[in-house]
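Working notes, beginning with the structure itself.
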Amino acid sequence: MAKSGTPVLRFAPSPTGYLHIGGARTALFNWLYARRTGGTFRLRIEDTDRQRSTPEAIAAIFNGLTWMGLDWDDEPVFQFARAERHREIAEAMVARGHAYRAYDTAEELDAMRTRQKAEGKPVRSRWRDAGPNDATPDIAPVIRLKGPTSGETLVRDVVQGDVRFSNENLDDMVLLRSDDTPTYMLAVVVDDFDMGVTHVLRGDDHLNNAARQLQIIHGMGWPEPVYGHVPLIHGADGAKLSKRHGALAVEAYRDMGYLSEAMRNYLLRLGWSHGDEEIIPTAQAIEWFNLEGIGRSPARFDLKKLDSINAHYMRQLDEAALTTELMATAERLVPERKLGETIRARLNSAMGGLKSRAKTLLELNEAAEFLYADGPPILNAKAAQVLSPEAKALIKKFIATIENLPWESSELESQTKTLAEKEGVSLGDIAQPLRAALTGKTTSPPVFDVLIALGREEALTRLSAHAA
RNA sequence: GCCCCCAUCGUCUAGCGGCCCAGGACGUCGCCCUCUCACGGCGAAAACGCCGGUUCGAAACCGGCUGGGGGCACCA
């Protein structure tokens with residue numbers, strides 16, 4: 001239950017698909033503000049569209065929010081279950097003279113819409129001013145809002161400022177359908193009131209709706225919530241975010257190897273700022289988040305910047321934790337693969353060198369692949385090219401040199417440098433063949449760190465195999 | 001068509017009348033470090049959409065234009 005006097009925020013998705021980037025950011029802002037103010041963050045599933053709402057989508061929303069680390073207070077409210085209450089309010093609106101029953105036929109509705117297009121006048125049924133005795137019983141009526149025809153409705157928006165709508169442009173929207181089911185417009189207002197919502201932070205696309213919703217609120221004499229309409233997120237090309245760009249399920253980003261903390265940081269900075277701060281861990285965000293910092297213009301989604309922030313948080317993680325994340329990623333990618341404790345130790349040992357070479361867990365996984373199995377790695381084309389007969393000869397000399405050395409990075413390195421001098425080659429002339437034989441690739445963490453991570457036995461196995 | 005919102009480097013943004021011939025970050029390009037690739041360090045190119053006002057002074061305030069976006073259902 002909400003503590004009295006504290007803000008009540010809500011996130012109210014309709015379960016017709018997954019939780020995408022835009023929804024995730026809206027949820028994040030609401031959550032942040034609730035946490036910041038000691039308020040309540042509630043969840044409402046707007047499942048009144050029975051055709052399009054699915055249990056899978058509901059699960060996807062819960063999972064998405066959970067991955068994002070956005071925990072909600074109280075039990076989620078399911079809008080469809082509250083239809084009776086919505087009907088009750090629709091009737092109350094009629095009783096108060098702020099709504100009316102309209103018995104228009106399909107043809108009449110068509111005519112009204114055509115007129116609306118032509119004259120730019122809002123839809124108003126002829127039943128608006130008819131008495132109850134004029135009812136035609138063979139047509140199931142809808143209940144429409146009886147909006148004022150003059151004056152203006154003011155939306156006091158904390159993000160967009162004061163926005164005025166002339167009432168003559170606002171039409172008599174349907175509140176209750178002819179089958180007695182409530183429309184979204186009605187349900188939102190009633191639910192927000194019943195849930196005690198004090199702040200409505202939602203997408204910009206609802207700004208026009210706010211004026212209409214306010215008319216219901218005024219009709220019922222309910223308190224106005226604080227509105228904040230956050231600009232939408234656009235794709236990289238500036239067009240509306242679609243499935244082509246980034247309107248992927250938020251968990252798709254987990255699968256692409258992003259950390260949820262990085263995602264939170266990135267999404268926060270998309271449309272909100274605190275001076276020049278770029279790296280804002282969640283704990284800091286909770287301290288700083290405010291409504292004033294929300295920008296007014298739409299932002300484009302940019303994967304490059306997400307990459308960079310993600311790289312930061314990956315490096316920030318301690319090596320043991322990152323190793324755990326990496327192993328989970330590796331095993332998710334190849335479910336039949338089982339990485340044991342030996343591999344964990346190897347990964348942990350190499351992690352320092354590995355993590356500065358990856359921006360995502362997927363890249364980290366790729367860089368770490370040579371550590372997942374025993375035996376000589378398969379060479380890629382470049383690595384095969386590096387392993388010339390001369391290179392193989394150098395590897396053999398290297399093996400002979402280090403055979404009796406303590407297995408320690410700096411010792412191995414200094415002895416290799418001595419060997420290089422003796423052979424009249426550069427350190428790189430030896431290091432590259434070693435790297436190729438050890439990892440199967442031409443790029444990796446420093447070779448001496450690789451030797452240590454692999455351990456003497458495994459390293460020598462790989463070197464001898466590829467030097468042959 | 002009608003209603004509404006927005007407008008600073010390629011991108012995210014700082015700026016709330018003088019601190020700005022505009023700052024930070026990502027990206028890009030150089031250089032340094034270096035066994036590879038990265039990380040890191042240093043440096044560079046890069047923006048106030050246009051036109052009018054207001055003001056001693058405008059990126060900031062006002063108006064118009066242009067350009068983006070959103071909304072106009074018995075969808076949410």
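Scope of the values below: all heavy atoms of this structure, side chains included, with no hydrogens, waters or symmetry mates.
Side-chain contact between A:Ile294 and A:Phe29 is present, with heavy atoms from C-beta onward closer than 4.5 Å.
Ring to ring, A:Tyr18 and A:His20 are not that close: their centroids are 6.0 angstrom or more apart.
Within 6.0 Å of the CD atom in A:Glu88, the count of heavy atoms belonging to other residues, nucleotides or ligands exceeds 12. The local environment of CZ in A:Arg156 is sparse, with at most 12 non-hydrogen atoms from other residues, nucleotides or ligands closer than 6.0 Å. No more than 12 heavy-atom neighbours from other residues, nucleotides or ligands sit within 6.0 angstrom of CZ on A:Arg296.
Taking atom CZ on A:Phe301 and atom P on B:rU13, their separation rounds to 13 Å, with Å as the unit. The interatomic distance linking A:Leu306 (CG) with B:rA25 (P) rounds to 19 Å, in whole Å. Atom CD of A:Glu278 and atom P of B:rG23 are 15 Å apart (whole Å). When the C1' atom of B:rC16 is taken as reference, atom CD1 of A:Ile294 falls 17 Å away, rounded to whole Å. The CD-C1' distance, from A:Gln415 to B:rC35, rounds to 16 Å in whole Å. Rounded to a whole Å, the CZ atom of A:Arg25 is 11 Å from the C1' atom of B:rC12.
Across all strands shown, A:Gly203 has no heavy atoms under 4.0 Å from either base or sugar-phosphate atoms. A:Thr48 comes within 4.0 angstrom of sugar-phosphate atoms only, judged by non-hydrogen atoms across all strands, and of no base. A:His206 comes within contact range of at least one nucleobase, with a heavy-atom separation under 4.0 Å. If you check every strand for non-hydrogen atoms under 4.0 Å, A:Ile279 touches nothing. Residue contacts for A:Asp429: at a heavy-atom cut-off of 4.0 Å it reaches no nucleic acid atom on any strand shown. Residue contacts for A:Arg300: at a heavy-atom cut-off of 4.0 Å it reaches the sugar-phosphate backbone alone, with no base atom in range. Heavy atoms of A:Arg113 sit under 4.0 angstrom from primed sugar atoms or phosphate atoms, though from no base atom. A:Met185 comes within contact range of at least one nucleobase, with a heavy-atom separation under 4.0 Å. A:Pro13 comes within 4.0 angstrom of no nucleic acid atom, judged by non-hydrogen atoms across all strands.
Residues A:Ser444 and A:Ala102 each lie close to RNA chain B; by heavy-atom proximity, the contact nearer the 5' end of the strand is made by A:Ser444. Where A:Asp171 and A:Lys417 meet RNA chain B, the nucleotide closest to each residue was compared, and A:Lys417 sits on the side nearer the 5' end.
At a threshold of 4.0 Å, the pair A:Asp205-A:Arg202 does not count as salt-bridged, since none of the basic side-chain nitrogens sits closer than that to a carboxylate oxygen. The pair A:Arg357-A:Glu366 fails the salt-bridge criterion, with no side-chain N (NZ, NE, NH1 or NH2) lying under 4.0 Å from an Asp/Glu carboxylate O. With salt bridges taken as basic N to acidic carboxylate O contacts below 4.0 Å, one links A:Asp49 and A:Arg52. Under a 4.0 Å N-O distance rule, the pair A:Lys304/A:Asp307 does not qualify as a salt bridge. Between A:Asp192 and A:Arg10 there is a salt bridge, with a side-chain nitrogen of the basic residue lying less than 4.0 Å from a carboxylate oxygen of the acidic one. The pair A:Arg44-A:Glu46 counts as a salt bridge, with a side-chain nitrogen and a carboxylate oxygen less than 4.0 angstrom apart.
When the nucleotides B:rA14, B:rA25, B:rC74 are ranked by their closest atom to the side chain of A:Ser273, B:rA14 comes out on top. With B:rC74, B:rA76, B:rU36 as the candidates, the nucleotide lying closest to the side chain of A:Val142 is B:rC74. Here the nucleotide nearest the side chain of A:Ser308, chosen from B:rG24, B:rG27, B:rC74, is B:rG27. Distance from the side chain of A:Pro446 is smallest to B:rC35 among B:rA76, B:rC12, B:rC35. Checking B:rA14, B:rC74, B:rC35 against every side-chain atom of A:Asp276, the shortest atom distance belongs to B:rA14.
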Short N/O separations, protein against nucleotides 38-48 of chain B, under 3.5 angstrom:
residue : atom : partner  : partner atom : Å
B:rA38  : O2'  : A:Ser356 : O            : 2.3
B:rA38  : N3   : A:Ser356 : OG           : 3.3

Pairs under 3.5 Å (N/O, protein and nucleotides 2-6 of chain B):
residue : atom : partner  : partner atom : Å
B:rC5   : O3'  : A:Gln160 : OE1          : 3.2
B:rC5   : O2'  : A:Gln160 : OE1          : 3.1

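Rounded to whole Å, the separation between the P atoms of B:rC65 and B:rA58 comes to 24 Å. Taking the P atoms as reference points, B:rC12 lies 12 Å from B:rA7, given to the whole Å. Taking atom P in both B:rG52 and B:rA45, one finds a spacing of 30 Å when rounded to whole Å. Comparing B:rG68 with B:rA76, their C1' atoms sit 25 Å apart, to the nearest whole Å.
Under 3.5 Å, the side chain of A:Asp205 and the base of B:rG71 form no donor-acceptor pair of N or O atoms.
Across all strands shown, B:rA45 forms no Watson-Crick or G-U wobble pair with both distances under 3.5 Å. Pairing partner, B:rU34: none, since no Watson-Crick or wobble contact has both distances short of 3.5 Å.
The aromatic rings of A:Tyr266 and A:Phe301 sit perpendicular to each other, their planes meeting at more than 60°, with 30° as the lower class boundary.
With its glycosidic angle more than 90° from 0, B:rC72 adopts the anti conformation.
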